[in-house]
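Before any comments, here is the structure.
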Number of protein chains: 2
Amino acid sequence: MSEVVPSGARPQRADARENVRQILRAARAVFADRGYEVSIEEVARRSGLGMGTIYRHFPNKRALVEEVAIGHMRETCEVLARALAEEPDAWSAFTRVMRHMAEVRSSQLFPVSRRRTTESGPALVAARNALLSDLDGLVGRAQREGSLRADVNTYDLVLMMVSLPPRIADDGAGGGLAADLTGRQLSVLLDGLRAPGAEHLPGSAATRPDLDEFFRTRFGI
Amino acid sequence: MSEVVPSGARPQRADARENVRQILRAARAVFADRGYEVSIEEVARRSGLGMGTIYRHFPNKRALVEEVAIGHMRETCEVLARALAEEPDAWSAFTRVMRHMAEVRSSQLFPVSRRRTTESGPALVAARNALLSDLDGLVGRAQREGSLRADVNTYDLVLMMVSLPPRIADDGAGGGLAADLTGRQLSVLLDGLRAPGAEHLPGSAATRPDLDEFFRTRFGI
DNA sequence: GGCTAAACGGAAATTCATTTTCCGGTACTC
DNA sequence: GAGTACCGGAAAATGAATTTCCGTTTAGCC
């Protein structure tokens with residue numbers, strides 16, 4: 001909701017602009033920790049603002065979620081480009097990107113809500129496709145390099161990242177896990193992803209329809 | 001709900017007994033496919049019976065879920081014992097058990113429902129502890145054998161199994177994934193679990209409180 | 001075949017966590 | 001200091017599920 005200022009209207013007040021940033025920051029954190037199902041009230045609590053304030057800046061929950069998701073996807077594309085430029089080999093770049101994706105987990109690629117499905121906005125769709133395309137390039141490189149096992153594809157990998165358990169970090173209100181589940185599981189997966197791979201992967205690789213269906217079923221697109 | 005017949009009362013009608021079996025069979029299938037959050041209506045549809053019939057045999061949804069969960073846990077214990085007796089080494093037994101757990105996925109270990117948390121019944125708690133204890137034995141063997149990496153423990157493994165994506169099989173009503181996500185991801189994990197493990201697992205292993213907290217947060221115990 | 005208690009089906013009532021609205025009160029900005 | 005923007009959070013609206021209820025159907029027994 002980067003709030004397009006209607007021409008002629010007075011610009012947004014400084015504190016309000018800061019609050020929007022605050023809301024997005026809190027939303028990112030909460031979503032990464034507990035998933036997109038958390039209530040707006042939780043986001044409000046974490047941001048230190050009221051629920052009314054969130055609704056003043058975002059027309060509804062979905063809009064907030066999309067905003068966060070789009071931010072994550074664009075950021076991941078940047079991380080990917082940087083990794084490709086800086087890392088010595090494709091495998092290092094690959095692990096760096098996977099680690100980043102795990103960090104934000106299902107915040108990747110889509111929204112959300114068990115409410116009746118709504119179409120994703122065009123910006124989200126665009127960001128999603130861009131990310132998928134970039135990932136595809138990275139995966140191809142790593143496989144040609146011989147470091148990433150050949151019997152997985154980009155969709156498989158995305159689905160793995162999205163299925164990682166949430167961080168469940170301590171939110172200050174007690175609770176939270178001592179162990180970094182996400183990180184541990186990711187590390188095990190990465191070991192398993194190194195070529196050639198001893199286990200025979202059953203069936204055939206995931207497809208784009210699989211990816212879409214998974215998100216639809218799991219999160220309501 | 002194996003319906004204790006009150007002494008002196010007439011025994012349960014044959015068709016009713018068959019229906020209970022039918023309900024449990026359908027519930028298992030639906031839960032494994034889509035997770036415990038599916039509505040009772042979905043279970044009813046799959047079983048070919050009406051919702052009223054389900055409620056005639058189970059006081060509420062939680063009771064049904066616990067029944068299914070307990071069944072899975074006991075069954076897993078049996079599979080484990082058999083694997084240990086029949087397989088030539090601990091690793092083979094280990095993978096066999098993991099595959100079985102993946103099959104029923106989160107149907108393991110606990111219930112459910114986003115409704116306000118309720119305590120698990122004593123039968124469930126007992127089955128859960130028995131399974132955890134048996135798994136511990138298996139994990140220890142595999143690690144002493146040198147085939148399972150040493151830096152994971154039983155809780156880590158259980159959490160991995162529970163985090164696997166649901167099967168999302170075709171339920172006849174269209175939908176369903178072409179790829180066997182669960183199986184593919186499990187295979188990658190198993191490769192990653194072989195000793196010694198190249199990646200360094202971050203942090204320390206999961207603990208029992210972590211396991212409990214995870215289930216509480218994720219499923220409402 | 002006919003009777004009766006059991007069992008079934010599924011529409012309707014209830015629940016309940018969340019989302020979303022609203023408006024009296026605050027506090028930036030000029 | 002005035003005039004808006006903006007904020008907070010209680011309360012209303014929502015909506016997906018669960019659970020109840022009762023008219024119908026059917027198994028079990030004579």
Side-chain angles (χ1 to χ4, degrees), chain A residues 1 3 5-6 8-23 26-27 30-31 34-66 111-118 217-220, chain B residues 1 3 5-6 8-23 26-27 30-31 34-66 111-118 216-221:
Chain A
M1 278 297 88
E3 203 90 28
V5 182
R10 200 183 292 195
Q12 193 180 38
R13 238 167 65 179
D15 57 336
R17 206 165 339 109
E18 175 52 30
N19 281 339
V20 172
R21 242 179 270 123
Q22 206 62 227
I23 290 166
V30 177
F31 292 157
R34 326 292 255 223
Y36 281 136
E37 300 95 343
V38 295
S39 65
I40 287 291
E41 186 172 8
E42 197 118 341
V43 177
R45 185 161 34 245
R46 184 91 134 223
S47 69
L49 298 166
M51 293 170 44
T53 305
I54 294 182
Y55 275 91
R56 157 166 281 276
H57 295 293
F58 298 87
N60 50 48
K61 183 178 178 181
R62 188 180 182 91
L64 173 60
V65 167
E66 287 214 1
V112 87
S113 125
R114 71 195 58 265
R115 263 359 196 228
R116 171 90 25 252
T117 288
T118 324
T217 311
R218 222 23 213 283
F219 308 99
Chain B
M1 277 299 89
E3 203 91 24
V5 181
R10 198 182 293 195
Q12 192 180 38
R13 234 165 67 177
D15 57 336
R17 207 163 341 106
E18 175 53 28
N19 282 339
V20 172
R21 243 179 269 126
Q22 206 62 226
I23 290 166
V30 177
F31 291 157
R34 328 292 256 221
Y36 281 135
E37 301 94 341
V38 296
S39 64
I40 286 292
E41 188 173 5
E42 197 116 344
V43 177
R45 186 162 30 245
R46 183 91 134 223
S47 69
L49 298 167
M51 293 170 47
T53 305
I54 295 181
Y55 276 92
R56 158 166 278 278
H57 295 294
F58 298 88
N60 52 45
K61 183 178 177 180
R62 189 182 183 89
L64 173 59
V65 167
E66 288 214 0
V112 85
S113 122
R114 70 195 58 271
R115 263 357 196 229
R116 172 87 29 254
T117 288
T118 325
R216 202 187 57 65
T217 310
R218 231 7 221 286
F219 309 98
I221 285 211

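By convention in this document, chain letters (A, B, ...) are assigned in the order of the sequence lines, proteins followed by strands, and residues within each chain are numbered from 1.
To the nearest angstrom, P of D:dC7 lies 12 Å from CZ of A:F58. Rounded to an integer number of Å, the gap from CG of A:N19 to P of C:dA27 is 13 Å. Residue A:L64 contributes atom CG, which lies 11 Å from atom P of C:dT20 at whole-angstrom precision. Rounded to an integer number of Å, the gap from CZ of A:R45 to P of D:dG8 is 14 Å. Between B:E41 atom CD and D:dT20 atom P there is a gap of 17 Å when expressed in whole angstrom units. Between the C1' atom of C:dG9 and the CD1 atom of B:I40 lies a distance of 15 Å, rounded to the nearest Å. When the P atom of C:dA27 is taken as reference, atom CD of A:E18 falls 17 Å away, rounded to whole Å. Atom-to-atom, CD of B:Q22 to P of C:dG9 comes out at 11 Å; the value is rounded to the nearest Å.
Counting all heavy atoms, side chain and backbone alike, B:F31 lies closest to B:V65 at CZ-CG2, 3.8 Å. When all heavy atoms of A:H57 and A:I23 are compared, the pair lying nearest together is CD2-CD1, 4.0 Å. Between A:V38 and A:K61, the shortest heavy-atom distance links the atoms O-NZ, 2.7 Å. Among all heavy-atom pairs drawn from A:R34 and A:E37, the shortest one is O-OE1, 3.8 Å.
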Tabulate atom names and distances for all N/O pairs under 3.5 angstrom spanning the protein and nucleotides 9-12 of chain D.
unit_1: D:dG9; atom_1: N7; unit_2: A:G52; atom_2: N; d: 3.1
unit_1: D:dG9; atom_1: O6; unit_2: A:G52; atom_2: N; d: 3.2

Distances for protein N/O vs nucleotides 3-6 of chain C N/O pairs under 3.5 angstrom?
unit_1: C:dA6; atom_1: N3; unit_2: B:R13; atom_2: NH1; d: 2.9

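Of the listed residues (A:I40, A:V43, A:L64, A:T53), just one forms a side chain to side chain contact (heavy atoms under 4.5 Å, CB included) with A:F58, and that residue is A:L64.
Look at B:H57 and you won't find any side-chain N or O under 4.0 angstrom from OP1 or OP2 of C:dA7.
Looking at the side chain of A:S39, the nearest of the listed nucleotides C:dT19, D:dT18, C:dT20 is C:dT19. Comparing C:dT29, D:dT19, C:dT18 by their closest approach to the side chain of A:A14 singles out C:dT29.
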